[in-house]
Structure formats: structure tokens, C-alpha cells
Amino acid sequence: MNEIKIGSFAHKELFSRSFMESHQQIEPEDLMWPKLDGLALERLQQIPFWEEALNTELEAGAKIDAYLPMISDPLLQDAIALMGREEAAHGRLFKYMIEHYNIEVPGHAPAQPSTNVEQAFIDFGYGECLDAFLGFGLFKIARQSGFLPEPMFNIFERLLQDETRHIVFFVNWVAYLLSSRGQGATLFRSPYSLWHYGRAVQRIMGVVGRSAEHNGGSDFSATEASVFLEGFSLEKLISNCLQENARRMSVFDSRLLQPQLLPSLAQVALSGIRLLPKRQPQATKQNLSKAENS
Ligand SMILES: [Fe+2]
Ligand SMILES: [Fe+2]
């Protein structure tokens, strides 16, 4: 396939139109929500981050709405407005799920959008890249463990497909934006992305902290999540994130940019982890005495 010049008119047309053409409407009421009871319902209800997920989607919609009037290019404005409508639909989906399955949430309102609307949108985009990359691996591991019934994963899969389209659109849009401002080279210096990812990591740590707080620091990981956490390791998580990232990215037009920095860092981390000596199971007294007698 022909190369495309990043930052060109053709690049903008390609990343905007392919994003808009791949849109699939999500109507929460029309999804195949399974009937849950017993353990499956309890597991869904005990997951501590549903309100964070809902508020993240609502805040995303608000950040996009605040940024839209600043976008002068009609095609980019249409594409980003569509992203805003998709985030709003994701928000409605979580709200519907919380009500449908009687999930108790603490009742925090979503945060107000910052006044620096472009910076907020860029931070949001990098945050989505991080969330999606981690989400790819966690989703695969959770699905394989059968933590929830498969129809629930089919619904979350729809969200993940949208988020994958969002991050591909975002990395191309950022490259286009910087290039149109004569700052194209900035993007390809890792510190630019690293700085933004640093802010995204800070945000995600806040989410983890708040989820633990909501859960009273208690039992989720010790009990319900044990199915999910069985055999869980950092190596397994990173390798699943990488495999799923590669699989999900393979469907996009190869002329488009894809998020690069996180998969590269993850690959380095994975190689490092694989070089570490594996922890041996603790020697029991019986084994030790057998060894001494032999
Ligand atoms: Fe979303
Ligand atoms: Fe998104």
C-alpha cells in the first residue's frame, strides 16, 4: 500500500474518514444483557470501579464538548464530535448496567472539565492509550478465566473496539496537529509522549486508590477476584497486553500511525522479566531431609 505523509491532507482524510466509517451505534437498551444471579451477579456487583468507569466516560464526553468549538477544521470537528457521542453512549451503557444489575456505587459526581480544553483533550487521549493497552490484556485474562458469563464480555468487547478506534484516531490526530504547527518532530521524541503517559499513570493510580477506598480496602481481591487472579503474574499481563494490542491493531489501515511507545516499553519490560531467575517453590523440610540423605 502507498505510504502516506503524516500531517498531510491525505493523512487527515484517511484517519478521520476511516474513524467515522467504522462507527457502530451502541444503544444500551438494545444490547443482549444476560440474566445474572448467584455468584455471577455477586461478582459483577463487587467489582469496585464501575462508578469510575461511568464518570470517566461522562468526563470524556464533557472534555470533548468543551474542545469542539476550538476546532476549525470541519472534518476533524465532525470526527471528534462523533467520538464525543460514542463516549456519551459508553456513559449511558455503564449507567444502564449499574441500574439493571443493582450495583451499589458511592455517588461521586464526574469532575468538571479543566479550563485548558486542548491540554485536557490531549491528556485524555494519552489516558485512553494507557487504559486501552492495559484493558486489552486484562480483558483477555478475565474472559479466559470465565470470571463473568460470556455475554457480559460480548458487551464489553463493543466498548473495547470503540476505544481501540479512539486511540488510533488520537495518535494520528496528535501527529497531524503537531505537524500542522511545525512541531512534527516533537511527537517522535519520546519525552513528549512519556510526559503525557506519566500524567496518565498518575491518573490511573488515583483510580486504583479510590476503588480500594470504595471497597473498604476489603475482600475483592482476596475472594471474588481469586478466580481472575489465579496464575496471574506481571509477565502474563504484559504478554497478553502485547498480543492483544498486536491483534487488535492488525485490522487498521497500515498507513495509519498506531500507539508505539507503550508496546515498545512493555516489550522491554517483558524481556527484562524473562531474564530474571524464576522464583523456586519453597523447599519443604521433607524435601530438604530427602536431599540431605541422598
Ligand atoms: Fe469510552
Ligand atoms: Fe474513548
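Hydrogens, waters and symmetry mates play no part in the numbers below; they use all other heavy atoms, side chains included. Numbering of ligands and ligand atoms starts at 1, following listing order.
In summary, Glu150 and Arg143 engage in a salt bridge, as defined by a charged side-chain N under 4.0 Å from a carboxylate O. Using a cut-off of 4.0 Å between Lys/Arg side-chain N and Asp/Glu carboxylate O, Glu86 and Arg165 are scored as salt-bridged. Under 4.0 Å is where a charged nitrogen must lie from a carboxylate oxygen, and between Arg17 and Glu13 at least one such pair does.
For an aromatic pair to be called close, the ring centres must be under 6.0 Å apart, and His90 with Phe94 fails this. Taking the six-membered ring for Trp and the full ring otherwise, the centers of Phe170 and Tyr126 sit less than 6.0 Å from each other. Phe156 has its ring centre no less than 6.0 Å from the ring centre of Trp33.
For the Fe ion (ligand 2), the count of nearby protein N, O or S atoms, meaning those under 2.8 Å away, is 5.
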